[in-house]
Amino acid sequence: MDETNDLIQERLKKLGRLRDAGLEPYGNPFTAVDKASDILSKFGALSKEELEPKKEKCTLAGRMISFRDFGKTAFAHIQDTTGRTQVYFSKDIIISNPDIFKNLDIGDIVGVSGQLFRTRTNELTVNADSLTLLCKSLRPLPEKWHGLKDIETRCRQRYVDLIVNPHVKELFLKRSKLIKALRNYFDERGFIEVETPMMHQIPGGATARPFKTHHNALGLDLYLRIAPELYLKKLLVGGYDKVYEINKNFRNEGISSKHNPEFTMLEFYIAYEDYNFLMNFTEELIPNLCKDINGGLRVPFGESADPADNVVIDFTPPWTRISMVDAMSKEGVDPSVFKDVEKARQFALDNKIDVDKKTTHGKILDEIFKKKVESRLIQPTFITDYPVELSPLAKRRKDNPDFVERFELFIGGREIANAFSELNDPSDQKGRFLEQVEARKQGDEEAGFMDEDFVRALEYGMPPAAGEGIGIDRLFMLLTNTSSIRDVILFPQLKPEQ
RNA sequence: GGGCCUGUAGCUCAGUUGGCAGAGCAGCUGACUCUUAAUCAGCGGGUCGAAGGUUCGAAUCCUUCCAGGCUCACCA
C-alpha cells in the first residue's frame, strides 16, 4: 500500500516545492461555472471565424489527464465529470506562474479560465489566462494508450478505472439512470417507496443461506436479509396498497461473474391484483426502462466473432407465456415425468441431472427445467405455474392446488423476475412454513424458518395481492449486454489484497 | 469447492534451449511559441506474486501457498 517508488517520491518533492512557493496544493474551493459538455454543445458547431469575435470566456475545473510541453507554450486536456476539454497555455501564463508549471503533473486537479478559440487543427480550446492548483496528485495514472486493463486493479481501485476508462464512467451513469427511471415509473403509478430492515431476526422471503451478524447490546444474533418480501407484505396488511423497495439483499454463496454477495433487488407489491396483472405490468415496465436507457427496444446479446451471428434481444411486447410443464414438454420431456416422482427421478438420472439432494417432485422438476429449458429462453418469456413446494409464499391455483399462481421471467437464458399471487390464507401459510421447518430438519440448509409474526399479520387480513422481485444488477447487465456482474457493481466483493 | 489459464518497472506487455532483466508509455535533465500517441537528445527505474526445492547457474523446471480470470457445482 505505501509503495514508495520514485514516481511518487518525485511528486512528493513537487508538493514540497509548491508549499515552499506559498501555493497551497490542497483544498481551495473553486467555482467552475462551465462543464466540458456544455461548452461543446454551445460552441462545438461554431467555426474559428464565428467563435473568435464572441470572445467567449469560460471557467473549468477537473483532472489534468494529458500535458504536452513546448517550452514556451503547452497544451493539456482537463477532464471533468462530463468530458474533456483542451486547454492552451501561452507564453505569458507560463512565465508568470513558474512555480505551478514546474511542479505540475498529469493527474493533478486544476481550475482554469480563459477565452475559447479554435486551434490550427480546429480543436475547441480554452486559452488559459489563469491556472489554479486544486489538488496535487501523488500517484501516477495508468498509461495513456492502453489505459488500465487489469480486472483486479479495475475493481479494487475503481476510482482509477473511472478516471481513465470513460466507457466505465458512462456505464455507471447509465445504471444511475436506470434506477431513476424505475423510481419514476413506480412513483407515477401511485406506488410508495419504503425501506424495510436489512437486519432480520428470521431470514425469510427467499431460499438462500444468510450472513449472520450479532447485536452486542441485545445479545442477539441477526441475519442480513436475503429478501424484503415478508416486511413488504406486512405493509399491505397495514393498508398501503402499492409499495416498492429498491435495496440490497445479501446471500452467503459463491462469488462468480453472475453473483455478488450483496446485490440490488427491486420488490414491489400491489393489492387487489394477481400474477396475470403483473405479467402485463412487467411487459410494459421493462421495455419502458430499456427505451429510457437505450433509446430502443432491441439490445445486442453476447459477443460473437462473426457479427452476422450476433443475437439481438427484442423487448417488444407481447412476450411468450408458457407454463413450466408445457415448456418442458416442448423440449421433449415426457408428460409422465410431471405426474410421477419416480418417473421424474429416473428422467433426471437418464439425463445426468444431479437430484441426489432433491427430495420432492417439485424440486426434481425444477432441476429438469433448469437443465433442459432455461438456457434456451433468450427472448423474453414468462414461465408460469410452478410446483407448490418451490413457492412457500405463493397462492395455490384453484384448478390444481399442487401448483401456484407464479411466473418467472426469463431473458437471455437467465431468470430476471420472479412474481406471484401472494398467499393470504394464514393457515395455509402456517402449514407451508411448517413444511419448510421440516425440510430444514431433514438437512435442507436453504429451507425457510417459521415466521410467527408474519402469520399473525396475515391473521389480521392481507388483501389479495400480487408481488414481484427483479434483480437489478442482472437486469442492467442484460440491458447493456455486460457479461460480468463485476462490471455493473462499482465496488464488487474481492478477497483481501496480499 | 473441482478443472484450465494468468501474475515480470507506476501502466501495457516481450523475455527463445535454464546462462548479465527488456520495450513502449509515464518519470527525470535539456531543446522546442498551435500540439493532441507532439517531436528530438540523454538519464534513472525490478522482492520477475510469495516460500521452499532441483541446478555450477532459475523469471524460465518441480512443490506448496496467495491473488485474479474462465468454467463446472450452488444460486438471483
Side-chain angles (χ1 to χ4, degrees), chain A residues 3-11 13-14 48 65-77 84-95 102 105-107 117-123 125 127 137-157 160-161 163-164 205-209 226-227 248-267 353-354 356-358 366-367 370-371 374 408-410 414-418 445-446 469-475 477 483-486 492 494-498:
Chain A
E3 304 140 54
T4 44
N5 70 62
D6 53 351
L7 298 177
I8 293 175
Q9 288 306 316
E10 199 61 50
R11 288 177 179 228
K13 279 186 218 158
K14 289 177 181 175
K48 196 178 177 73
I65 52 159
S66 69
F67 192 79
R68 294 175 292 282
D69 183 7
F70 292 85
K72 294 193 178 61
T73 64
F75 288 91
H77 275 97
R84 297 170 177 186
T85 310
Q86 180 164 263
V87 177
Y88 171 70
F89 298 106
S90 66
K91 186 178 151 194
D92 293 346
I93 186 172
I94 292 178
I95 288 174
K102 259 184 221 153
D105 279 298
I106 290 171
F117 75 111
R118 278 190 185 279
T119 60
R120 263 179 221 162
T121 50
N122 214 33
E123 180 164 347
T125 301
N127 183 0
S137 167
L138 298 180
R139 287 178 184 267
L141 286 175
E143 194 235 348
K144 63 186 170 189
W145 303 1
H146 307 89
L148 179 64
K149 286 185 171 171
D150 182 77
I151 294 169
E152 186 179 347
T153 312
R154 287 186 43 223
C155 292
R156 276 193 208 285
Q157 295 175 245
V160 181
D161 193 26
I163 292 168
V164 301
T207 52
R209 283 162 62 189
I226 54 174
K248 292 289 180 71
N249 286 351
F250 306 86
R251 299 190 185 174
N252 205 341
E253 285 146 6
I255 295 174
S256 76
S257 60
K258 292 166 191 66
H259 299 84
N260 197 58
E262 54 179 299
F263 61 99
T264 303
M265 187 69 138
L266 159 71
E267 284 203 13
I353 298 168
D354 179 19
D356 285 356
K357 285 178 256 169
K358 309 297 172 186
D366 190 39
E367 288 302 309
K370 280 178 183 165
K371 279 281 150 41
E374 206 171 288
E408 291 193 332
L409 171 64
F410 288 86
R414 280 193 217 136
E415 184 197 328
I416 294 297
N418 177 24
E445 268 191 80
E446 287 176 351
I470 300 179
I472 295 305
D473 309 279
R474 287 187 176 178
L475 174 66
M477 286 166 70
S483 61
S484 171
I485 200 167
R486 277 184 305 274
L494 294 170
K495 290 192 194 176
E497 216 169 336
Q498 284 162 7

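Lettering follows sequence order; numbering is per chain, from 1.
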Mind calculating the distance between CD1 (A/Ile93) and P (B/U33) to the nearest angstrom? 18 Å
Please round to the nearest 0.5 Å and tell me the distance separating atom NZ of A/Lys258 and atom CZ of A/Arg486. 9.5 Å
When you compare B/U54 with B/U63, how far apart are their P atoms, in angstrom units rounded to a whole number? 15 Å
State the pairing partner of B/G27; accept Watson-Crick or G-U wobble contacts with both distances under 3.5 Å, and report none otherwise. B/C43
Among B/C34, B/A26, B/C32, which nucleotide has an atom closest to any side-chain atom of A/Leu7? B/A26
Rounded C1' spacing from B/C70 to B/U55 in Å: 35 Å
Sugar-phosphate only, base, or nothing, as touched by A/Phe117 at under 4.0 Å among non-hydrogen atoms: base
If pairing requires Watson-Crick or G-U wobble contacts with both distances under 3.5 Å, which nucleotide is the partner of B/G1? B/C72
side-chain N/O A/Lys149 vs B/U12 OP1/OP2, d < 4.0 Å: no
Which part of the nucleic acid does A/Asn252 contact within heavy-atom distance under 4.0 Å: base, sugar-phosphate only, or nothing? nothing
Calculate the interatomic distance between A/Arg68 atom CZ and B/A26 atom P; express it in whole Å. 11 Å
Phosphate-side-chain proximity, A/Arg486 and B/G69, N/O vs OP1/OP2 below 4.0 Å: yes
From A/Ile255 atom CD1 to A/Leu494 atom CG, the distance as rounded to the nearest 0.5 Å: 7.5 Å
Who pairs with B/U33 - Watson-Crick or G-U, where each distance is under 3.5 Å: none
Tell me whether the ring of A/Phe70 lies stacked over the B/C32 base, given a 5.5 Å limit on centroids and a 30° limit on the plane angle. no
How are the rings of A/Phe70 and A/Phe75 set to each other: parallel, tilted or perpendicular (split at 30° and 60°)? perpendicular
Re B/A50: Watson-Crick or G-U wobble partner, both distances kept under 3.5 Å, found to be B/U64
At 4.0 Å (heavy atoms only), tell me whether A/Gly147 reaches a base, stays on the sugar-phosphate, or touches nothing. sugar-phosphate
Mind checking if A/Asp150 touches a base, just sugar-phosphate, or nothing, with heavy atoms under 4.0 Å? sugar-phosphate
Starting at atom NE2 of A/His146, determine the distance to atom C1' of B/A14, rounded to an integer number of angstrom. 12 Å
Considering only the P atoms, how many Å lie between B/C11 and B/G52, rounded to the nearest integer? 25 Å
Rounding to an integer number of angstrom, what distance separates B/A21 and B/G46 when you compare their P atoms? 13 Å
Side chains of A/Arg68 and A/Gln86, heavy atoms from C-beta outward: is any pair under 4.5 Å? yes
Nearest-nucleotide wise, let me know which of A/Ile106 and A/Lys48 is further upstream toward the 5' end of RNA chain B. A/Ile106
Taking all atoms of both residues into account, what is the closest heavy-atom pair of A/Pro140 and A/Leu7, and its distance? CG-CD1, 3.8 Å
Side chain of A/Asn5: nearest nucleotide among B/G10, B/U35, B/G68? B/G10
Closest to the A/Lys72 side chain: B/G45, B/C74, B/C32? B/C32
Could a donor-acceptor pair under 3.5 angstrom be found where the side chain of A/Lys91 meets the base of B/U33? yes
Sub-3.5 Å donor-acceptor pair from the side chain of A/Lys48 to the main-chain atoms of A/Arg118, do we have one? yes
Just to be sure I understand the rule, does A/Leu148 reach a base, reach only the sugar-phosphate, or reach nothing, if contact means heavy atoms closer than 4.0 Å? sugar-phosphate
Whole angstrom value for the distance that separates P of B/C28 from NZ of A/Lys102: 13 Å
Would you kindly give the CD1-to-C1' distance between A/Ile255 and B/G69, to the nearest whole Å? 14 Å
Hey, is the side chain of A/Glu123 pairing donor to acceptor with the base of B/U35 inside 3.5 Å? no
With rounding to whole Å, what would you report as the distance between B/C20 and B/A58 at their P atoms? 12 Å
Can you identify which nucleotide, out of B/G68, B/U71, B/U35, has its nearest atom closest to the A/Ser257 side chain? B/U71
Which comes earlier along RNA chain B counting from the 5' end, the contact point of A/Arg118 or that of A/Glu262, where each point is its nearest nucleotide? A/Arg118
Looking only at side-chain atoms of A/Pro142, point me to the closest of B/C11, B/A67, B/G10. B/C11
Nearest whole angstrom, please: distance from the P of B/C11 to the CD of A/Glu152. 11 Å
Taking only the side-chain nitrogens and oxygens of A/Lys14, find out if one of them lies under 4.0 Å from OP1 or OP2 of B/C28. yes
Which base sits across from B/A14 as a Watson-Crick or G-U pair, both distances under 3.5 Å? none
Tell me which nucleotide, if any, is Watson-Crick or G-U wobble paired with B/C56 when both distances must be under 3.5 Å. B/G19
Give the nucleotide from the list B/U33, B/C32, B/C25 with an atom nearest to the side chain of A/Glu143. B/C25
Have a look at A/Lys371 and say if it touches a base, only the backbone sugar-phosphate, or nothing, with a 4.0 Å heavy-atom cut-off. sugar-phosphate
A/Asn249 side chain to A/Phe263 backbone, donor-acceptor under 3.5 Å: no
Nearest-Å distance, CD1 (A/Ile163) to C1' (B/A26)? 15 Å
Between the side chain of A/Asp473 and the main-chain N/O of A/Thr264, is any donor-acceptor distance below 3.5 Å? yes
Measuring only the C1' atom in each nucleotide, how far is B/C13 from B/C48? A whole number of Å is fine. 14 Å
Nearest-angstrom distance, C1' atom, B/U71 to B/A59: 28 Å
Can you tell me the distance, in whole Å, between the CD atom of A/Gln9 and the P atom of B/A9? 19 Å
When rounded to the nearest Å, what value does the distance between C1' atoms of B/A41 and B/C4 take? 49 Å
Check whether any side-chain heavy atom of A/Arg139 sits under 4.5 Å from a side-chain heavy atom of A/Gln157, and report yes or no. no
